[in-house]
Amino acid sequence: MTNNFKSVPVRSSEITSKTDYLSRRDFIKAAGILTGTSLLAACAPSVTDPVSNMNSGVTIPSSDGKFDELGNQANEYVEITNYNNFYEFSSDKQAVASLARDFKTEPWTVEVYGLVNKPKTFGVEDLITMYPQEERIYRLRCVEGWSMVIPWEGFPLSNILNEVEPTSKAKYVRFETIFDPEQMPGLKSPFYVWPYQEGLRLDEAMNDLAILATGLYGEPMPNPNGAPIRLVVPWKYGFKSIKSIVKIELVVEQPSTLWNTAAPNEYGFYSNVNPEVSHPRWSQATERRIGELGRRPSLMFNGYADQVADLYAGMDLAEFY
Ligand SMILES: Nc1nc2c(c(=O)[nH]1)N[C@H]1C(S)=C(S)[C@@H](COP(=O)(O)O)O[C@H]1N2
Ligand SMILES: [Mo]
């Protein structure tokens, strides 16, 4: 055990198996030192300084062998957890990780209600044991024009929806993030209507690609990525994948969303990745994969057209952007 524990920085290229990693984590947790206060606290985390991300010198998971179905290697754990849009903490992507370090995510419940036969409030720990957690290695394409490949763990959103039995009146699903100004300094921003809200059409929500993610790289969901549970809809721009969810409501009308309310002409309700429809202020034809130098072409539905194009049959994808 002791030689698994490193109190000095190790390089991200060092590899540990998931089992080794988890047992090391358990050990550190048991020792009560994985509480957010880093032994390397003097170093503020940043993308250029991968080592500083490692609480207590824990070896970080390796991207070795982690590829999406198109053959793209997963981004490094340090990239995924230090470059985040999470406006409740900050609009500065590189400030989120440190501001969210002590975010309290236990206990945590998700209330599922509205137009359903069996409304229910779930404890996150119950959701993790109720449904098998699957690994899904997905591309995440931000509307701003950057992207990553992320090995999520979670379960299909449809599992939880089927459990509560939407009535025939339910047409949309509305999601809400926790609103906790004491913990989330970004909520002071007057530019947005809080809490962060998002929505999907019910048939989109039932698609197998839509997951509630509870972890990544075999670790519980890191705070900057939306601990303890967040939505991931990989064929849509990243802002649809709402973080730190506390409410899921089945409704009749298309729900209003934070970004659509802030700038309706820039952020549509559907927001399917579409290289042919420009954002009013920039082209969406290409993207910058974090960790790469040039730009690469963006893909229709972010490369998931086979699984989701049918959902939009007969719709004008330029109009319903
Ligand atoms: N509650 C909440 N969810 C959110 C956001 C946010 O600011 N608040 N940002 C969105 C945006 S713009 C993106 S690109 C993704 C980023 O997810 P990641 O940090 O895990 O890569 O989260 C989305 N979910
Ligand atoms: Mo985004």
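The basis for the numbers below is simple: all heavy atoms, side chains too, and nothing from hydrogens, waters or symmetry mates. Whatever order the structure lists them in is the order used to number ligands and atoms, beginning at 1. Note that the coordinates shown come from a computational prediction; the quantities given were computed from them, not determined experimentally.
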Checking the N or O distance criterion of under 3.5 Å, is ligand 1 in contact with [X]?
{"X": "W152", "result": "no"}
{"X": "W146", "result": "no"}
{"X": "E88", "result": "yes"}

In ligand 1, which numbered atoms sit nearer than 4.0 Å to a non-hydrogen atom of [X]?
{"X": "S241", "value": "22 (O), 23 (C), 24 (N)"}
{"X": "N84", "value": "18 (P), 19 (O)"}
{"X": "C142", "value": "14 (S)"}

Protein contact to [atom] [nearest heavy atom, distance to 0.1 Å]:
{"atom": "atom 3 (N) of ligand 1", "answer": "K243 N, 3.1 Å"}
{"atom": "atom 6 (C) of ligand 1", "answer": "Y196 CE1, 3.3 Å"}
{"atom": "atom 21 (O) of ligand 1", "answer": "L140 CD2, 4.1 Å"}
{"atom": "atom 7 (O) of ligand 1", "answer": "Y87 N, 2.7 Å"}
{"atom": "atom 15 (C) of ligand 1", "answer": "G238 O, 3.6 Å"}

Look at ligand 1 and say whether S244 reaches it with a heavy atom at a distance under 4.0 Å. no

Ligand 1 contacted by R230 (non-hydrogen, < 4.0 Å): yes

My understanding is that we take every heavy atom of each candidate and find the minimum distance to atom 9 (N) of ligand 1. Doing that for T81, N85, N75, which one comes out nearest? N85

Which option, N225, I242, T177, owns the non-hydrogen atom nearest atom 20 (O) of ligand 1? N225

Does a side chain donor of either [X] or [Y] reach within less than 3.5 Å of an acceptor in the other side chain?
{"X": "N225", "Y": "K243", "result": "no"}
{"X": "W259", "Y": "Y192", "result": "no"}
{"X": "E163", "Y": "Y131", "result": "yes"}

Between N162 and M206, is a side chain to side chain contact (heavy atoms under 4.5 Å, CB included) present by the stated rule, with each step listed? CA-CA 9 Å; N162 288 330; M206 295 299 281; 3.1 Å; yes

Distance-only donor-acceptor hits, side chain of residues 300-315, under 3.5 Å, sequence neighbours excluded:
{"unit_1": "N302", "atom_1": "ND2", "unit_2": "R139", "atom_2": "O", "d": "3.2"}
{"unit_1": "N302", "atom_1": "ND2", "unit_2": "P234", "atom_2": "O", "d": "2.8"}
{"unit_1": "Y304", "atom_1": "OH", "unit_2": "R139", "atom_2": "N", "d": "3.0"}
{"unit_1": "Y312", "atom_1": "OH", "unit_2": "E204", "atom_2": "OE2", "d": "2.4"}
{"unit_1": "Y312", "atom_1": "OH", "unit_2": "W235", "atom_2": "NE1", "d": "2.8"}
{"unit_1": "Y312", "atom_1": "OH", "unit_2": "N272", "atom_2": "OD1", "d": "3.4"}

Within the side chain of Y237, is there an N or O that forms a donor-acceptor pair under 3.5 Å with the backbone of Y270? no

With no hydrogens and no angle check, is any side-chain donor or acceptor of K171 less than 3.5 Å from a backbone partner on S168? yes

Is K240 positioned over the aromatic face of F269, cation under 6.0 angstrom from the ring centre and no more than 45 degrees off axis? yes

Within reach of ligand 1, part of F86 (heavy-atom separation under 4.0 Å): both

Do the side chains of K247 and E249 get close enough for a salt bridge, i.e. N-O under 4.0 angstrom? no

Take atom CD in E182; do more than 12 heavy atoms of anything else shown fall under 6.0 Å from it? no

